[in-house]
Asks: 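Can you read through this structure? Questions will come right after.
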Amino acid sequence: MTLNVIQSIPNLDWLSAWIKAYAFVHTGDNTRAINTICSLEKKSLLRDNVDLLGTLADLYFRVGDNKNAILKFEQAQMLDPYLIKGMDIYGYLLAREGRLEDVENLGCRLFNISDQHAEPWVVSGCHSFYTKRHSRALYLGAKAIQLNSNSVQALLLKGAALRSMGRVQEAIIHFREAIRLAPCRLDCCEGLIECYLASNSVREAMVMANNVYKTLGANAQTLTLLATVCLEEPVTQEKAKTLLDKALLQRPDYIKAVVKKAELLSREQKYEEGISLLRGTLANQSDCVLHRMLGDFLVAVNEFQEAMDQYSIALSLDPNDQKSLEGIQKMEKEESPTDATQEEDVDDMEGSGEEGDLEGSDSEAAQWADQEQWFGMQ
């Protein structure tokens, strides 16, 4: 009805495309929504439109294109320094990229604008979560929900914090509520499936993954999600491999699919194939997890120096990546025979000390525990 009326009004040709774009958004057809909004962006009337950029950033996030999502969020906040909408997702993406200083600065800026919105609390909660302060992240997520009970990102933050603290059944409640509010958002379903897998409920995880696959269609994300569950059972390993190959055929640069395929190759001890896969992906983008996994594969084929380089690159991208630190420490302890011989030649009497393992602790747990009853965490 609206489109028929618009056709009779001059200078409103952009509005029909705008309506189509948001129709695609609400039906979960994110790819067509992105294409439509990109065409709108080129029109002089809507160029540098903050609302349009924010929607485009959110859509890139939904299809797993985090690089473009961050780029569009940055453009939007440059145009409107007081922008709050969508900044919770932006903060989450920055935290996942290991840019924790940027996350902290973003949280401070948002609190200076307003502390009566959920977004500042979610951003600060993301910073706490990715610095292993899960009790504080739980408190901040609960505060965000108190301010806006429909904040999907706040529910996901609180659910993730609960899961990390071993309170899986409580986490499941929050992820289910997030799915109710945003049924087309795959990250909500991923959170619930991770809870099922954490509690060894593989059957429930498989049912959920199949439902997502049927509802949202066969795209790289749903294929990878289903493959993730299939990897949990020995009898469905081949099915997982087929699903991941299909996902990578659609999107060779989809990091989650690459990670899962690399995990499968590692199980099969196909290290050279895994190295080729990871190097091919890293030729076009840089990611902490991919560099660390490449380091693990290189260790397996005794390429120790290059493995050390890959671990170092991973840490430069995310200084808090514990697994990369452990990889470097392990290599330093298990020196190559050549190095060990050289050290014996220099000083046969030289002793070797043991390095202690790095241990993370949630130092603020006690501080925030008293707050829990106030925000529905019991």
Asks: Treat each ILVMFWY residue as a node, draw an edge where side-chain heavy atoms are under 4.5 Å apart, and state whether Val152 and Phe73 are in one component.
Replies: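 Val152 does not cluster with Phe73.
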Asks: Just checking Arg109: does its CZ atom have more than 12 heavy atoms from other residues, nucleotides or ligands closer to it than 6.0 angstrom?
Replies: yes
Asks: Quick check on Glu101: does its CD atom have over 12 non-hydrogen neighbours (other residues, nucleotides or ligands) under 6.0 Å away?
Replies: no
Asks: Do Glu177 and Arg180 sit within salt-bridge range, that is, some charged N less than 4.0 Å from a carboxylate O?
Replies: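 So Glu177 pairs with Arg180 through a salt bridge.
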Asks: Do Leu186 and Tyr92 sit in the same hydrophobic cluster, where Ile, Leu, Val, Met, Phe, Trp and Tyr count as joined when their side-chain heavy atoms come under 4.5 Å apart?
Replies: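 Not linked; separate clusters.
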Asks: Testing the basics here: between Lys241 and Leu264, what is the closest heavy-atom pair and its distance to 0.1 Å?
Replies: CB-CD2, 3.6 Å
Asks: For Asn211 and Thr215, which heavy atoms make the closest approach, and how far apart are they?
Replies: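 Distance-wise, the nearest heavy atoms are O-OG1, 2.7 Å.
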Asks: Going by heavy atoms in the side chains, are Leu138 and Arg167 under 4.5 Å from each other?
Replies: yes
Asks: Can a salt bridge be assigned to the pair Glu97 and Arg99 using a cut-off of 4.0 Å between side-chain N and carboxylate O?
Replies: no
Asks: Count I, L, V, M, F, W, Y as connected when their side-chain heavy atoms are under 4.5 Å apart, and connections chain through other members. Are Leu277 and Val301 then in the same cluster?
Replies: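 They do share one cluster, since a chain of ILVMFWY contacts under 4.5 Å joins Leu277 to Val301.
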Asks: Say whether Tyr130 and Ile70 are linked into one hydrophobic cluster, either directly or through other cluster members, by side-chain heavy-atom distances under 4.5 angstrom.
Replies: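 Same hydrophobic cluster.
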Asks: Taking all non-hydrogen atoms of both residues into account, name the closest pair between Ile89 and Asp58 and its distance.
Replies: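 Closest pair (atom of Ile89, atom of Asp58, distance): CD1-OD1, 3.1 Å.
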Asks: Go through it in stages, so that I can follow the logic: the residues are Leu223 and Gln250, the test is side chain to side chain contact (heavy atoms under 4.5 Å, CB included), and I'd like the CA-CA distance, side-chain angles, deciding distance and then a yes or no.
Replies: CA-CA 10 Å; Leu223 287 164; Gln250 288 189 22; 3.8 Å; yes
Asks: May I ask you to decide if the ring planes of His134 and Phe129 are parallel, tilted or perpendicular, using 30° and 60° as cut-offs?
Replies: tilted
Asks: Under a 3.5 Å threshold, yes or no: a donor from one side chain and an acceptor from the other, between Ser151 and Asn148?
Replies: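 Their side chains do not contain a donor-acceptor pair, so the 3.5 Å distance test is not met.
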Asks: Is the centre of the His291 ring less than 6.0 Å from the centre of the Tyr311 ring?
Replies: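 Ring centroids of His291 and Tyr311 are no less than 6.0 Å from each other.
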Asks: So which atom in Arg163 and which in Phe175 form the shortest heavy-atom distance, rounded to 0.1 Å?
Replies: NH1-CZ, 3.4 Å
Asks: Show the nearest heavy-atom pair for residues Asp29 and Arg32, with the distance to one decimal.
Replies: OD2-CD, 2.7 Å
Asks: When clusters are formed by joining ILVMFWY residues with side-chain heavy atoms under 4.5 Å apart, either directly or through shared neighbours, do Leu248 and Val259 land in the same one?
Replies: yes
Asks: May I have the step-by-step check of salt bridge (Lys or Arg N to Asp or Glu O under 4.0 Å) for Glu263 and Lys260, ending in yes or no?
Replies: CA-CA 5 Å; Glu263 287 179 5; Lys260 290 300 174 184; 3.4 Å; yes
Asks: How about CZ on Arg279, more than 12 heavy atoms from neighbouring residues, nucleotides or ligands closer than 6.0 Å, or not?
Replies: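 Yes - once you tally the heavy atoms of other residues, nucleotides and ligands closer than 6.0 Å, there are more than 12.
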Asks: Assess whether side chain to side chain contact (heavy atoms under 4.5 Å, CB included) is satisfied between Glu170 and Met165, documenting all intermediate values.
Replies: CA-CA 10 Å; Glu170 294 172 77; Met165 297 169 69; over 6 Å; no
Asks: Show the nearest heavy-atom pair for residues Leu225 and Ala209, with the distance to one decimal.
Replies: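 Taking Leu225 first and Ala209 second, the nearest heavy atoms are O-CB, 4.4 Å.
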Asks: Any ion pair linking Asp245 and Lys261 (charged N to carboxylate O, less than 4.0 Å)?
Replies: yes
Asks: Between Arg176 and Ile172, is the side chain to side chain contact (heavy atoms under 4.5 Å, CB included) condition met? List the steps.
Replies: CA-CA 6 Å; Arg176 282 177 176 165; Ile172 286 174; 3.5 Å; yes
